[in-house]
Amino acid sequence: GDSVTQMEGPVTLSEEAFLTINCTYTATGYPSLFWYVQYPGEGLQLLLKATKADDKGSNKGFEATYRKETTSFHLEKGSVQVSDSAVYFCALSDRAGSNYKLTFGKGTLLTVNP
Amino acid sequence: GAGVSQSPSNKVTEKGKDVELRCDPISGHTALYWYRQSLGQGLEFLIYFQGNSAPDKSGLPSDRFSAERTGGSVSTLTIQRTQQEDSAVYLCASSLNSGTSGTVQYFGPGTRLTVT
């Protein structure tokens, strides 16, 4: 079946540091890939997505590139801020009939210190 | 516009009691999903609705769990004879039925269920 593996952390960085959160996946079909973020006390929200190989998703300074050859979708940001402190989830959506359910990684807690 | 809403936000119940969790999806979204977020298992898919039908119930952990959706809108997840291992945050998400895996799911704030 489908699965997503991401570095579990926690990750602690200083403000303006470079961030990478690794994510690899296993899927039988041609999935779309997502990063969702959960800020403290808030619900899950989409950060970015990519729907085919070599696509780059980007939002709020975060980027991730869909790499089919390495089955990866690593999240990067060049300069993190305190406000980026949150839990980040990598996910894939693959078709099963009309069901496009999401399969999630375990989540990575990021803490950014001033 | 209004997002996905869920109620109650918190529910504490005694072991053995039944509970109902409600989800109001975004208007016009025909697809609705329930997920469960727990410390040990992470985020897990429970059930998928397309309109009022549930073509995929494969994630429901036992026959104590059931769900329905009426009018193509509100959904209720029912857990009968609750057990302590049912303690988790139950998340609802909705999406348009665009027929592609890139369709974005929008999540509600969740219901935190605690079984004592």
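Below, all heavy atoms of this structure are taken into account, side chains as well, without hydrogens, waters or symmetry copies. In what follows, chains carry the letters A, B, and so on, assigned in the order in which the sequence lines appear, proteins first and then strands, with residues in each chain numbered from 1.
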In this structure, would [X] and [Y] fall into the same cluster of hydrophobic residues linked by side-chain contacts under 4.5 Å?
X: A:L110; Y: A:Y36; answer: no
X: A:V87; Y: A:L19; answer: no
X: A:L48; Y: B:V104; answer: no
X: A:L33; Y: A:V4; answer: yes
X: B:V115; Y: B:W34; answer: yes

Validation row: A:L102, B:L43 side chains within 4.5 angstrom (heavy atoms): no
B:Y35 and A:F104: CA distance, side-chain angles, deciding distance, ring pair (Phe, Tyr, Trp, His ring centres under 6.0 Å) verdict: CA-CA 10 Å; B:Y35 296 88; A:F104 289 90; 5.8 Å; yes
Region of B:S9 that comes under 4.5 Å of a non-hydrogen atom in chain A: neither
Heavy-atom contact with chain A under 4.5 Å, split by part of B:Q6: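 No part of B:Q6 comes within 4.5 Å of chain A.
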Interface residues of residues 46-57 of chain B facing chain A - heavy atom cut-off under 4.5 Å: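 So far as heavy atoms go, B:Y48, B:P55, B:D56 are the residues that approach chain A to under 4.5 Å.
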Contact residues of residues 65-95 of chain B (partner chain A; heavy-atom separation under 4.5 angstrom):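 The list, in residue order, reads B:L91.
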N/O donor-acceptor pair under 3.5 Å between B:Y106 side chain and A:Q45 backbone: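 No, because the side chain of B:Y106 does not come within donor-acceptor range (under 3.5 Å) of the backbone of A:Q45.
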Main-chain N/O of A:L46 paired to B:Q105 side chain as donor or acceptor, under 3.5 Å: no
Atom of A:Y100, atom of B:Y33 and distance for their closest heavy-atom approach: N-OH, 3.3 Å
Non-hydrogen atoms of B:Q37 and A:F89 that approach each other most closely: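 Residues B:Q37 and A:F89, closest heavy atoms: NE2-CZ, 3.5 Å.
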Contact list for residues 9-20 of chain B, test salt bridge (Lys or Arg N to Asp or Glu O under 4.0 Å), sequence neighbours left out: none
Pairing residues for A:F62 by the ring-ring contact (aromatic ring centres under 6.0 Å, His included) criterion, not counting sequence neighbours: A:Y88
Leading residue by heavy atom contact count with chain B [cutoff under 4.5 Å; candidates A:T51, A:N99, A:L44, A:T103]: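 Between A:T51, A:N99, A:L44, A:T103, the count favours A:N99.
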Part of A:K106 lying under 4.5 Å from any heavy atom of chain B: side chain
A:Y39 atom OH, over 12 foreign heavy atoms within 6.0 Å: yes
A:E69, CD: over 12 other non-hydrogen atoms inside 6.0 angstrom: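 Yes, because the 6.0 Å sphere around CD of A:E69 holds more than 12 heavy atoms from other groups.
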